[in-house]
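Below you'll find the structure, written out as structure tokens, and then a few comments.
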Amino acid sequence: MFRDQRLGEISGDVLDFLSSREADRRIFAADLLVDRSHLVMLKEQGLISSEVCSQIMAALDEIGATDAASGAGEDVHEAIEAGVLARVGPEGGRMHTGRSRNDEVATCIRLALRAEMLDLMTEQLSFVQTLVRLAAEHKETIIPGFTHTQHAQPTTLAHHLLAHADAAARDLARMEDAYARVNLSPLGAAAFASTGFAIDRMRTCHLLGFDGLVENSMDAVSTRDFILEVLADLSIMMVNLSRLAEELILWSTSEFGYLELDNLYASTSSIMPQKKNPDTAELARGKTGSVIGSLMAALSICKGLPLSYNRDLQEVTPHLWRSLDWARSTVRILDGCVSSLKFNQERMEKSSGAGFSTATELADSLVRITGMPFRTAHRVVGRIAASGESPTLTELDEIALEIAGFRASERGFSDADLQRALDPRSNVALRANTGGPAPAETGRMIEERLERIATGEVRLAGRRSRVERALEELRAVK
Ligand code: ARG
């Protein structure tokens with residue numbers, strides 16, 4: 001406790017109220033690294049002796065082997081320093097030369113967050129890959145497409161899965177963008193106004209594997225916008241995942257019956273023995289609300305805070321860790337759930353023509369073959385749809401005559417054209433424009449996405465190895 005005689009000791013409720021020890025478990029390992037980098041720099045700058053540096057390093061090694069929760073203090077920084085002082089004596093107090101807990105905590109959060117983001121991004125990439133690979137198996141699987149949750153037009157399962165894959169890839173791209181702003185070093189900002197000691201900020205920056213500085217020392221300790229950004233990105237990701245989760249729930253009902261979750265991802269009812277509930281998908285949907293709540297909480301805490309450091313900021317961090325846990329587990333669980341789905345292809349294909357979902361193609365065919373304007377064709381087909389039955393050519397001709405002033409067959413529209421227009425599979429085959437569901441086009445998209453995944457893997461491995469190399473060197477310093 002950095003309290004002198006002036007303030008006296010505190011304990012009980014007040015200490016609990018001030019404490020960040022619980023959340024600080026997440027930055028314990030990072031704090032030891034931050035301490036090491038600072039010590040190396042202080043030694044190189046001639047601000048502490050090699051001897052004191054080695055003694056403190058040895059103490060840090062011992063502390064690293066203990067439990068993050070051990071040691072006294074309102075936060076992990078105090079606890080580690082108390083541990084150093086207990087082992088080294090007053091000379092251990094040189095560790096805090098030219099720094100403050102304000103730059104220290106900001107650095108620790110960024111380090112710990114960076115590691116979490118690398119793991120999350122790996123899982124995101126795997127999830128994108130799962131969706132794309134599954135799509136590759138279902139280029140020919142015809143399913144109904146929906147708007148307003150009403151049968152709209154036939155499409156393929158590949159097309160549908162690729163839509164989720166592209167959303168998941170954007171979620172990953174957002175995380176990569178945020179990473180560039182997270183992986184920056186605030187260390188050396190001290191309380192906020194820098195320090196009169198001749199420290200070297202770039203040295204600690206490199207030792208810790210950061211890509212650059214949060215330069216302005218006032219900004220460096222004040223900002224948590226990197227947390228807000230990550231929470232916003234996590235929220236968007238969860239919103240996307242919740243839409244997929246919702247479809248898993250809906251499509252597994254007996255009304256839809258399009259798919260079945262593997263038993264591992266389902267639960268049963270405590271009273272209704274026949275039930276198989278999609279609990280994992282429901283929790284994915286539910287946790288989305290929790291993550292959005294964290295974003296709202298963090299935004300609200302930061303709003304209106306004057307510069308520079310305010311203790312309110314301590315209250316932001318737990319929301320970050322909690323949301324990262326929820327989001328990461330959701331990606332992982334949905335990845336497993338999606339890759340083990342059993343699709344009822346027959347049922348999906350059968351219902352792909354339901355609700356006269358081929359109506360658009362019938363109207364389009366009338367335009368292409370007879371030359372009638374699309375709006376007229378829309379009215380003709382609309383009249384047919386009102387009767388609820390697939391039309392014969394004679395019925396189509398009668399309605400066309402009434403609305404367009406000529407019979408469709410007079411202008412070369414044959415029975416074969418009608419049957420083709422009403423067939424979901426040929427509907428899909430016709431939609432071969434860029435981004436459409438025709439198998440050749442989804443095939444092209446799949447190939448392209450697989451290439452992007454491969455380059456994404458290389459980029460991620462590069463980030464990870466740059467960080468790991470720096471930290472390995474730092475850990476090896478005696
Ligand atoms: N536990 C604090 C936090 O998480 C560390 C910084 C404390 N700084 C201070 N000036 N009291 O924000």
Side-chain angles (χ1 to χ4, degrees), residues 1-4 6-11 13-35 37-38 60 63 67-85 93 95-116 182 184-195 204 208 214 216-228 230-231 294 297-325:
M1 197 76 17
F2 304 135
R3 295 173 72 94
D4 53 19
R6 189 171 54 89
L7 290 182
E9 290 293 312
I10 49 157
S11 58
D13 271 0
V14 180
L15 180 57
D16 288 347
F17 190 72
L18 289 171
S19 176
S20 56
R21 290 298 293 275
E22 186 52 40
D24 285 353
R25 289 168 180 275
R26 304 288 285 250
I27 57 170
F28 177 61
D31 204 2
L32 294 168
L33 290 167
V34 171
D35 288 344
S37 71
H38 187 63
L60 290 175
I63 294 166
D67 177 9
S70 68
E74 65 177 23
D75 60 26
V76 69
H77 320 295
E78 280 196 358
I80 292 177
E81 190 171 333
V84 168
L85 290 169
M95 180 169 77
H96 214 58
T97 309
R99 76 168 190 194
S100 149
R101 278 186 294 164
N102 298 350
D103 59 338
E104 189 179 356
V105 71
T107 313
C108 293
I109 298 169
R110 285 171 184 269
L111 267 187
L113 174 57
R114 172 181 80 184
E116 296 262 6
V182 167
L184 300 173
S185 176
L187 198 59
F192 75 88
S194 178
T195 170
T204 45
L208 290 168
V214 190
N216 182 309
S217 62
M218 172 87 79
D219 181 34
V221 298
S222 305
T223 189
R224 294 293 183 272
D225 60 5
F226 65 101
I227 297 185
L228 301 179
V230 170
L231 282 173
S294 294
L299 286 168
S300 311
I301 295 164
C302 292
K303 178 192 168 295
L305 282 184
L307 301 185
S308 60
Y309 179 85
N310 299 275
R311 193 63 179 270
D312 316 44
L313 294 177
Q314 176 175 300
E315 205 63 17
V316 176
T317 327
H319 294 288
L320 173 66
W321 304 135
R322 276 201 289 270
S323 280
L324 275 168
D325 291 346

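Both counts, for ligands and for their atoms, begin at 1 and track the order of listing.
Sorted by first and then second residue, the salt bridge (charged side-chain N to carboxylate O under 4.0 Å, His left out) pairs involving residues 301-324 (not counting sequence neighbours) are Glu74-Arg311.
At distances below 3.5 Å, not a single donor-acceptor pair connects side-chain atoms of Arg114 with backbone N or O atoms of Leu184. Put simply, the side chain of Ser323 gets close to the backbone of His319: a donor and an acceptor are under 3.5 Å apart.
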Output block, N or O contacts of ligand 1, threshold 3.5 Å exclusive:
unit_1, atom_1, unit_2, atom_2, d
ligand 1, 1 (N), Ser20, OG, 3.1
ligand 1, 1 (N), Asp75, OD2, 3.1
ligand 1, 1 (N), Gln314, OE1, 2.8
ligand 1, 8 (N), Asn102, OD1, 3.0
ligand 1, 10 (N), Asn102, OD1, 3.1
ligand 1, 12 (O), Tyr309, OH, 2.5

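Residues meeting the side-chain contact (heavy atoms from CB on, under 4.5 Å) test with Ala298, sequence neighbours left out: Leu228, Leu231, Val316.
The two residues Leu113 and Trp321 make their nearest non-hydrogen contact at N-CH2, 3.9 Å.
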Show me the side-chain donor-acceptor pairs of residues 104-111 shorter than 3.5 Å, one per line, residues at least two apart or across chains.
unit_1, atom_1, unit_2, atom_2, d
Glu104, OE2, His77, ND1, 3.4
Glu104, OE2, Arg99, NH2, 3.4
Thr107, OG1, Asp103, O, 2.5
Thr107, OG1, Leu187, N, 3.4
Arg110, NH1, Arg181, O, 2.9
Arg110, NH1, Val182, O, 3.3

